[in-house]
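Letters A, B, ... mirror the listed sequences (proteins, then strands); counts begin at 1. FYI, side chains are in, hydrogens and waters are out, and symmetry mates aren't considered; it's all heavy atoms of this structure. Predicted, not measured: the structure shown is a model, and the values here were computed from it.
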Protein chains: 2
Amino acid sequence: MAVRDPAMTDVARLAGVSHQTVSRVLNGHPNVREQTRLRVQAAIAELGYRPNRAARALVTGRSQVIGVVAQNTTLYGPASLLAALEQAAAESGFAVSVGSVRDLDHRSISAVVERHLAHRVAGIVVIAPVESAGEALERLPKDVPLVTVDGDPHRPMPLVTVDQAAGARAATQHLLDAGHPTVWHVSGPSDWFDSAGRIEGWREALTAAGAEVPPLVPADWSAAAGYRCGQMLARMPDVTAVFTANDHLALGVLRALHEHGRRVPDDISVVGFDDVPEAAYFIPPLTTVRPDFGAVARASLEMLLTQIESVSGGALRETVAPTLVARRSVAPPPRR
Amino acid sequence: MAVRDPAMTDVARLAGVSHQTVSRVLNGHPNVREQTRLRVQAAIAELGYRPNRAARALVTGRSQVIGVVAQNTTLYGPASLLAALEQAAAESGFAVSVGSVRDLDHRSISAVVERHLAHRVAGIVVIAPVESAGEALERLPKDVPLVTVDGDPHRPMPLVTVDQAAGARAATQHLLDAGHPTVWHVSGPSDWFDSAGRIEGWREALTAAGAEVPPLVPADWSAAAGYRCGQMLARMPDVTAVFTANDHLALGVLRALHEHGRRVPDDISVVGFDDVPEAAYFIPPLTTVRPDFGAVARASLEMLLTQIESVSGGALRETVAPTLVARRSVAPPPRR
DNA sequence: ACGCGCTCTGTTAGCGGTCACACTCGCCGT
DNA sequence: ACGGCGAGTGTGACCGCTAACAGAGCGCGT
């Protein structure tokens, strides 16, 4: 029942100018007399005028919105990334429209991308950490700026990603440096690139050090899986160091070891990945690897903006190095 | 350098009809001959036509987008809520635009709300769990459908919220039922309504049972704070049961107790709130209270939709009851 | 005096949809 | 035979904004 929102013409009438002049004031166009500008601004304030982005989007062909495609925004990593992305976008004057997707298969992804395209978003960020997303993305319309985050490093798409391998190498090396003969790895789900990268880094560090590479212990991202794997590892007397693909797995491992009477770090050392806020309060405080989600978000946005503004140019690939956070879950191996 | 996206007139020309008929097909208008409908659909498919939501939003005055205002989407609760909201919205054909805000003060909130209004969103959901948000909201334009989640129960705004007090009562009662003479409470930040509700429920359960009400232990939502409070509680021999305002606090308490050699649940029982996925893998597995974020999201959306569709009517307030999840962190108090 | 260029402002034509309305049929009742 | 009606379709006017161009007024060189 509300009256129509004031439009540009209303402001123009009140200020005694044409709507075009109002538009110029709004867009910071230079050739407007100071006095006119002030009159217009006063009229805007008086009417509580709010430019209609939809109209602007219609005539310019693009809206100041960035579409995000994400899978599970409840996991710590994706949630942090999303928050960081939103903040970075806001700083550049963009809004963020999220499209969650249950599975990262072609159908789901392109459905959400279609929705975003229907809104004429300025660009799209896809958080595409699994294999299935890669192929889906290649079949997308090419005429919209697009950046993938945590995606497939082997595909020719603009990509920003955490340097998983570097993080894993640092974690593994840290354990080797403490004196452990080798390091076991509880990995994330096999179709995630994050998992793959962390496995790769772990393996590299071991072989570079001439250490034996123990069999991989595959899991998913859950504490439950970590617990199951931990129960197994706890029974193997020669295991002295474990690197888990994330902190939640580490939590599960920690509990399994605890229940089996194996002390951390005295008997076994554990390192995680992600540095969730609680990691410092695990029993014991967890040594882990911290990715810089803010940096990833900023890099993604920057890459997107260069695509939006220019026809081409700018880096197509960016990796952000994570840092090791040493806490109390690592110690030298026990003497035999 | 892409050519202009096909528009309705292009489809119309190809199908040999008027743009209006295309519009009718798109909107499922009844009076279109089957044969015409098929011709139009074929043309749509052939051109890869995608209706322009911006144009539609312009002429109808509202876009099929729901704006969300949220503070810290990294915390488990808000993140889950956001995800659930996005899913519920998608099921109703709405997109979700997130506006994060650093502080929930008037300036920040109204800035984000302005942004949403500029996009002519169909409605706004504000996740407003703190005091400062309440007053900010009352000063907002009244002509847009708005629902607050986790907001101030004492303000006359459409509100959907978890029944914090009920959850807290259940948690406290559970501990009393186990035989504990009383229950201590480590609370969340004092300006959060979630905290207030949980404190209230805890107090109610104690007084209803005729138990002594111990002094409140105030904290924030972090494991760090839980740890500090836990260190204090660990030193007090008569503390046998602790209810923490969330699971992260419980984690911190658990570690402090562990370090002080006080066993859980043998010496002290602990109950949390939220049921984060890892809670089952704390040491020991944490008894906690699980809010149903999906239900909250669905209720919020439904409330918003009735506001959007009709002039008024529909409930203005809805609470969804959380459920207690019993695990191993609770046991009868030790014998003296 | 004149024309040129600059600054500032107004006019007009869309952008791609929806809405209100008009129109053409074929069918029915009387 | 004729008016009325409903189904199916087309026409034109907008929604609120931006882009392109036109025009007014002024200072300046010649």
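The distance between atom CD1 of A:Ile44 and atom P of D:dG16, rounded to the nearest whole Å, is 16 Å. Rounded to an integer number of Å, the gap from B:Arg120 CZ to D:dG16 C1' is 9 Å. Between the CG atom of A:Leu26 and the P atom of D:dG16 there is a distance of 15 Å, rounded to whole Å. We find that NE2 of B:His29 is positioned 11 Å from P of D:dT9, with the value rounded to whole Å. Atoms CZ (A:Arg33) and C1' (D:dA24) sit 12 Å apart, rounded to a whole Å. Between B:Arg37 atom CZ and D:dA7 atom P there is a gap of 14 Å when expressed in whole angstrom units. Atom CE of B:Met8 is separated from atom C1' of C:dG14 by 17 Å (rounded to the nearest Å). When rounded to the nearest whole Å, the span between CG of B:Leu47 and C1' of C:dG16 equals 15 Å.
Heavy-atom nearest nucleotides on DNA chain D were determined for B:Thr60 and for B:Pro30, and the one closer to the 5' end corresponds to B:Pro30. If you find the closest nucleotide of DNA chain D to A:Pro51 and to B:Arg24, the one lying nearer the 5' end belongs to B:Arg24.
Of all the heavy atoms in A:Val113 and A:Val69, the pair that sits closest is CG2-CG2, 4.2 Å.
Side-chain atoms of A:Arg120 never come within 3.5 Å of backbone atoms of A:Gly61 as a donor-acceptor pair (strictly under, hydrogens ignored). Panel note: side chain A:Arg62, backbone A:Ala57; no donor-acceptor pair is recorded below 3.5 Å.
Residue B:Asn27 places its side chain closer to C:dT18 than to any other of C:dG17, C:dT18, D:dC17. Closest contact between the side chain of B:Gln20 and the listed nucleotides C:dA20, C:dG10, D:dC17 involves C:dA20. Nearest nucleotide to the B:Asn31 side chain, out of C:dT18, D:dG10, D:dA7: D:dA7. Comparing D:dG16, C:dG10, D:dA7 by their closest approach to the side chain of B:Leu58 singles out D:dG16.
Taking only side-chain nitrogens and oxygens, A:Thr36 comes nearer than 4.0 Å to OP1 or OP2 of C:dT9. Between B:Arg56 and C:dT18 there is a side-chain N or O to OP1 or OP2 distance below 4.0 Å. In this model, the phosphate group of C:dT18 is approached by a side-chain N or O of B:Ser23 to a distance below 4.0 Å at OP1 or OP2. For D:dG10, the OP1/OP2 oxygens have a side-chain nitrogen or oxygen of B:Thr21 closer than 4.0 Å.
Residue contacts shown for B:Arg53 are absent, as no nucleic acid heavy atom lies under 4.0 Å away. If you check every strand for non-hydrogen atoms under 4.0 Å, A:Asn52 touches sugar and phosphate atoms only.
Two residues are said to be in side-chain contact when any heavy atoms from C-beta on lie closer than 4.5 Å; B:Arg155 and B:Leu137 fail this criterion.
In the displayed structure, A:Gln20 atom CD is contacted under 6.0 Å by more than 12 heavy atoms of other residues, nucleotides or ligands.
Checking each of A:Val126, A:Leu305, A:Val147, A:Val68 against A:Ser300 for a side-chain contact (heavy atoms from CB on, under 4.5 Å) leaves exactly one that passes, namely A:Val147.
A donor and an acceptor atom never sit less than 3.5 Å apart when one is taken from the side chain of B:Arg50 and the other from the base of C:dG16. Counting atom types as modelled, A:His19 pairs no side-chain N or O with a base atom of C:dT11 as donor and acceptor under 3.5 Å.
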